[in-house]
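Okay, so here's the structure we're looking at.
We number each residue from 1, following the sequence as shown. Not measured: the values here are computed from a predicted model.
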Amino acid sequence: EGGNTDAARTALTEEVSCWDLKNRGPNYSLLCLSPNNTFRVICHDISSSKWFARLVLLAIVISSAALALETPQRRADPEWVFPFVYIDMALFVVFLFEFIVKASAKGFVFTKRAYLKNKWNVLDFICLLVSVELQATFWSNHAAGKNPTSSGNGFLRILRMGRVLRPLRMIQSNEGLRIVVQTLLDSLPAVFNVICICLLFMLVLALVGVRLFGGWFDRCSDSDTSLIPTSKECVGQFQDGDASLVRPRVWSAPQNNFDTVGLAFLTIFKIATVDNWRFDAFQAMDMPDELGQQPKHENSRWYAGYHVFCVVLCSFFLMQLFIGVMIDNFNAHRKINLLTPEQKAFMDIKQVAKMYQPMKRRPPPTNTVRRALFKLMHMRCFDDVFAFCILCNVIIMATKHRGQSTELAQTQVISEVFFMVIFSIEVAIRFSALGPQFWFKDRWNVFDAAIVSMSIIASPLIFGAD
């Protein structure tokens with residue numbers, strides 16, 4: 001047994017040449033260092049030691065402090081240039097030493113626990129490449145007699161901004177920070193869905209705003225309503241009393257308006273931030289009786305309710321929804337990230353099992369026509385076609401703007417009639433296929449029917465106004 005043990009130990013410590021590609025195993029680091037290589041073992045011991053982690057953390061802290069102290073004035077001062085360069089060079093040596101130790105111990109790319117297979121190590125490697133570029137550029141300019149602090153081209157300036165990533169390396173040195181960041185990243189998909197819902201609500205409010213206020217906020221730069229009651233009198237020049245300057249009279253809309261869907265969307269976003277939203281409400285309250293007239297003080301005060309509704313919906317309700325979903329997903333994923341890999345696999349199996357639970361479906365009707373409509377309604381292309389129609393309807397509605405041509409206005413009216421008929425057919429198909437008993441159980445069916453009904457009732461007013 002002793003002879004066999006010595007033989008096995010000799011086989012394990014036997015080294016394979018870096019040029020011997022045939023006998024090289026899959027666990028060779030840097031394509032040269034075997035798992036039992038003396039240098040690799042030493043690098044592994046160094047990377048696992050506490051003093052090594054503390055040294056790297058100290059270098060990160062010093063690097064962050066140097067970035068905070070570096071200002072444009074100090075970069076241009078010769079007394080500060082070389083101290084910053086020497087500090088950066090010392091930190092570069094520390095980070096290069098860290099890279100060599102970790103890449104030698106774990107492998108660079110092809111091993112099971114390779115250096116680049118860790119996302120945080122990828123961040124460290126990018127910071128290292130930026131440091132290499134900075135050192136090379138500085139000393140090449142210094143050797144050529146040029147300004148060592150020259151920014152170079154735009155690409156180099158953008159690349160040097162990668163130094164600001166160095167403070168993020170502290171996250172890798174702390175297990176608690178890594179769990180928090182990973183939990184935030186895992187929560188992003190659910191947050192993205194909430195963002196989409198918020199944007200959809202804001203889009204609806206913007207479309208309504210274009211209908212209500214498009215072109216009604218226009219006013220003359222001369223605010224004297226007694227001399228300039230309408231846009232026809234807004235010509236010539238006037239004397240600005242505050243600055244004693246002569247300015248031309250211009251009939252235009254204020255900065256925040258609803259003349260187009262894009263401008264309306266920006267205005268809704270500004271209202272949602274509650275940034276002086278009352279001035280936008282005052283504009284709506286001062287709307288005149290007819291287009292082309294100067295604003296009248298509190299002539300349409302009820303339109304302020306639109307802005308109040310936007311504040312309540314966007315700033316309070318949607319923001320609280322966003323925060324609630326974020327916190328809920330954060331707590332859920334935080335518990336998952338604290339589990340072992342085996343426990344995570346068990347949780348995944350439970351989630352899959354819940355997804356494949358049997359679903360209750362309405363049995364197909366016995367009537368031939370209703371059975372055909374029932375099969376049509378459950379076809380995948382049925383929902384896709386009407387979703388495409390909704391998208392087209394929203395796009396055409398978004399083209400409405402002030403000063404549009406007559407042809408575009410007629411096209412919008414025709415499209416609204418067309419989509420009204422399409423959506424009415426959809427409601428009729430679903431009602432006939434499901435029947436009243438099952439149709440009313442789905443609240444979305446009732447919502448669709450209510451929208452179509454309101455569109456039909458309001459169509460004479462809308463088309464007559466257009």
Side-chain angles (χ1 to χ4, degrees), residues 26-33 35 37 39-70 83-140 151-152 155-188 333 337-338 341:
N27 294 324
Y28 273 62
S29 172
L30 303 178
L31 300 178
C32 185
L33 304 178
N37 182 273
F39 178 73
R40 185 177 181 181
V41 172
I42 293 175
C43 290
H44 182 271
D45 294 338
I46 294 175
S47 63
S48 303
S49 61
K50 293 183 178 180
W51 66 266
F52 178 78
R54 292 172 181 173
L55 175 64
V56 174
L57 182 60
L58 178 62
I60 295 172
V61 173
I62 295 175
S63 176
S64 303
L67 288 175
L69 293 174
E70 187 176 352
F84 281 128
V85 172
Y86 292 146
I87 292 175
D88 199 29
M89 184 185 300
L91 296 174
F92 169 70
V93 172
V94 174
F95 295 144
L96 180 62
F97 174 70
E98 177 198 13
F99 166 73
I100 293 175
V101 169
K102 289 185 177 181
S104 301
K106 299 180 180 180
F108 186 61
V109 178
F110 300 107
T111 57
K112 184 177 180 180
R113 300 177 60 189
Y115 179 82
L116 291 183
K117 289 184 179 180
N118 188 325
K119 297 178 182 180
W120 296 108
N121 289 336
V122 174
L123 175 63
D124 297 347
F125 187 65
I126 293 174
C127 295
L128 182 64
L129 293 179
V130 172
S131 299
V132 171
E133 183 274 331
L134 289 175
Q135 293 295 326
T137 303
F138 179 85
W139 292 112
S140 62
S151 298
F155 175 75
L156 292 179
R157 288 197 298 268
I158 295 175
L159 186 61
R160 289 171 187 173
M161 291 171 57
R163 292 188 300 170
V164 301
L165 298 176
R166 288 179 181 175
L168 296 179
R169 298 190 58 191
M170 294 184 184
I171 299 174
Q172 186 180 8
S173 305
N174 189 290
E175 181 69 22
L177 291 178
R178 285 205 304 270
I179 293 177
V180 171
V181 173
Q182 187 62 41
T183 302
L184 290 175
L185 295 177
D186 293 338
S187 303
L188 288 181
H333 285 89
N337 289 329
L338 293 174

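- If you take CG on Leu128 and CZ on Phe95, they are separated by 9.0 Å, rounding to the nearest 0.5 Å.
- Here His44 contributes atom NE2 and Ile46 contributes atom CD1; the two are 11.5 Å apart, rounded to the nearest 0.5 Å.
- The CD1 atom of Ile60 lies 7.0 Å from the CG atom of Asp124; values are rounded to the nearest 0.5 Å.
- Annotation: the span from Cys43 atom SG to Phe97 atom CZ amounts to 7.5 Å, rounded to 0.5 Å.
- Val94 is linked by a side-chain contact (heavy atoms from CB on, under 4.5 Å) to Leu55, Ala59, counting only residues two or more places apart in sequence or in another chain.
- Atom CG of Asn121 and atom CD of Glu98 lie 7.5 Å apart (nearest 0.5 Å).
- Under the ring-ring contact (aromatic ring centres under 6.0 Å, His included) criterion, Phe108 pairs with Phe99, Phe125, sequence neighbours left out.
- Judged as a side-chain hydrogen bond (donor to acceptor under 3.5 Å, both in side chains), the pairs with a partner in residues 48-61 (not counting sequence neighbours) are, in order, Ser49-Trp51.
- Under the side-chain contact (heavy atoms from CB on, under 4.5 Å) criterion, Val132 pairs with Phe92, not counting sequence neighbours.
- Legend: residues meeting side-chain contact (heavy atoms from CB on, under 4.5 Å) with Ala114, ordered by chain and number and at least two apart, are Thr111, Lys117.
- Nearest heavy atoms, Arg113 versus Lys106: O-CB, 3.1 Å.
- Atom-to-atom distance recorded for Ile62:CD1 and Ile87:CD1 is 8.0 Å, nearest 0.5 angstrom.
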